[in-house]
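Below is one structure, written out as structure tokens; the observations come after it.
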There are 2 protein chains.
Amino acid sequence: MEASNQKRVAAWHVALYGLVGGALITFLKVIEYKHFVHEFTSEVYGGLVALIFTVVGVYLGLKWTRAKEIVVIKEVSVPANGPFVLNTEKLKELGLTPREHEILGLIAQGLSNREIGEKLFVSENTVKTHSSRLFEKLSVNRRVQAVQKAKDLGLIP
Amino acid sequence: MEASNQKRVAAWHVALYGLVGGALITFLKVIEYKHFVHEFTSEVYGGLVALIFTVVGVYLGLKWTRAKEIVVIKEVSVPANGPFVLNTEKLKELGLTPREHEILGLIAQGLSNREIGEKLFVSENTVKTHSSRLFEKLSVNRRVQAVQKAKDLGLIP
DNA sequence: CGCGAAATCACCCGAAAGAATGACGACAAC
DNA sequence: GTTGTCGTCATTCTTTCGGGTGATTTCGCG
């Protein structure tokens, strides 16, 4: 869509250029028949034509490349919601072990300790131990708070 | 640094343009003295000059704006981070009462039932009743699940 | 080899949460 | 006036959580 649009614009400008050129040639012919050119030297005449067409050329060049400028956009965003990048620094800073981090993710999915235990093939008691240490490291005392804080810190999606 | 560099380039091109223009005028004078122009009509002569200077103009226009392209870059980001709009339809669809919705928000903030009761000046039992009905309407049975689902549905920020 | 970190599991206990049920007052709608 | 919804509160009971303590195994590092 972008490319075809550009092509259409270019074609339009070419046509415009042809029309302007034709009009100018006609104009030259007219002033010639009116003996306008005989009052000046061919030097001045050539200079006039050169000036006019240079202006036209520069104008067209600007016009064309102006369309190019728009296309040259560049992404420079930061706060956006990317696919999610884990905050490894915070992870280390808090001293979360891989297992604790894993369980944190499962807690965030709304699973109970028992369900987590079944999913990981460990006892519910083990899950409770992990989550306890997890809460301690996150300085929270409820799982909802843990989830909220973990999301803020970029530990979970 | 970027700006001064651009200025220097522009000045250079202006000078170049002047030199080329002078050279062409000299060229025209030479061919005139050699009776070159007398072999053609002034139309053809003007057309030639027009063609040459148009090409020069377009070239210069492209050259100038090509430098501009680099300047135009940056900007444009697509964070799509809306401030949060409440999904009123889902709210009605689920039949959540204002009170239930309010408590849902407090649950999402990690508050316990008791804390919510104190905040709203009602008994903890009332909070439990509300949250029970809330879970029923959301088809969940744990508060973390409720928070997760509510966020997905756009019921809370 | 000893030492520490990590993971595992167990037991206890109190608090919180969840499910179920019943009840009462206010208020709008029919 | 009857009906229905909403908010309020209570009681009972079960499950889940969270905190605390202790123990075992495994693994890597010095």
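What you see is a predicted model; the values in this text were computed from it and never measured. Every chain is numbered from 1, with letters handed out A, B, ... down the list of sequences.
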Contact residues, residues 144-157 of chain A to DNA chain D [heavy atom, < 4.0 Å]: none

Between C:dA7 (C1') and A:L96 (CG): distance, integer Å: 15 Å

Between C1' of C:dA19 and CD of B:E136, the distance in whole Å: 10 Å

Separation of atom NZ in B:K92 from atom P in D:dT5, rounded to whole Å: 17 Å

Heavy-atom pair of closest approach, residues A:I156 and A:G105: CG2-CA, 4.1 Å

Atom pair distance, as rounded to whole Å: CG in A:L134 and P in C:dT8: 14 Å

Closest non-hydrogen atom pair, A:K137 against A:G95: NZ-O, 2.8 Å

Interatomic distance, B:I107 CD1 vs C:dA16 C1' [rounded to whole Å]: 12 Å

Heavy-atom closest contact (A:K128 atom, A:S131 atom, distance): O-OG, 2.9 Å

Terminal helix-axis angle for the helix from C:dC1-D:dG30 to C:dC30-D:dG1, with five pairs defining each axis and rounding to 10 degrees: 40°

Atom-to-atom span, CG of A:N141 to C1' of D:dG20 - whole angstrom: 15 Å

From CD1 (A:I116) to CD (A:Q109), nearest 0.5 Å: 8.5 Å

Exam field: side chain A:K149 to backbone A:V140, donor-acceptor pair closer than 3.5 Å: no

Salt bridge present between B:R99 and B:E102 (N-O < 4.0 angstrom): yes

Within residues 108-116 of chain A, residues whose heavy atoms come under 4.0 Å of DNA chain D: A:S112, A:N113, A:R114

Nearest heavy-atom neighbours spanning B:V147 and B:A108: CG2-CA, 3.5 Å

Integer-rounded Å distance: C:dA15 C1' and B:K128 NZ: 10 Å

Quick one: which protein N/O atoms are closer than 3.5 Å to N/O atoms of nucleotides 7-11 of chain D? Pair and distance per line, please.
| from | atom 1 | to | atom 2 | distance (Å) |
| --- | --- | --- | --- | --- |
| D:dG7 | OP1 | B:R99 | N | 3.2 |
| D:dG7 | OP2 | B:T97 | OG1 | 2.4 |
| D:dT8 | OP1 | B:R99 | NE | 3.3 |
| D:dT8 | OP1 | B:R99 | NH2 | 2.7 |
| D:dT8 | OP2 | B:R99 | NE | 2.7 |
| D:dT8 | OP2 | B:H130 | NE2 | 3.1 |
| D:dT8 | O4 | B:R133 | NH2 | 3.2 |
| D:dC9 | OP2 | B:S123 | N | 2.9 |
| D:dC9 | OP2 | B:T126 | OG1 | 3.0 |
| D:dC9 | O5' | B:T126 | OG1 | 3.4 |
| D:dC9 | N4 | B:T129 | OG1 | 3.3 |

What are the atom names and distances for every N/O pair under 3.5 Å that joins the protein to nucleotides 28-30 of chain D?
none

B:R142 vs B:F135 side-chain heavy atoms within contact, under 4.5 Å: no

Which donor-acceptor pairs under 3.5 Å do the side chains of residues 117-124 of chain B make with protein atoms, sequence neighbours left out?
| from | atom 1 | to | atom 2 | distance (Å) |
| --- | --- | --- | --- | --- |
| B:S123 | OG | B:N125 | N | 3.2 |
| B:S123 | OG | B:T126 | N | 3.2 |
| B:S123 | OG | B:T126 | OG1 | 3.2 |

Which nucleotide in C:dC12, C:dA17, C:dG18 has an atom nearest any side-chain atom of A:R142: C:dA17

Spacing between A:L138 atom CG and D:dG19 atom P, to the nearest angstrom: 12 Å

salt_bridge(B:R133, B:E136) N-O dist < 4.0 Å: no

Beyond-backbone contact of B:H101 with B:L86, side-chain heavy atoms, under 4.5 angstrom: yes

Identified side chain to side chain contact (heavy atoms under 4.5 Å, CB included) partner of A:L94 from the options A:L155, A:N87, A:L134: A:L155

Between CG on residue A:L91 and CD on residue A:E100, distance to nearest 0.5 Å: 9.5 Å

Interatomic spacing from CG in B:N141 to OG in B:S132 - rounded to 0.5 Å: 11.0 Å

Which atom of B:Q145 lies closest to which atom of A:G110, heavy atoms considered: NE2-O, 3.0 Å

Same apolar cluster (I L V M F W Y, side chains within < 4.5 Å links), B:L104/B:F84: yes

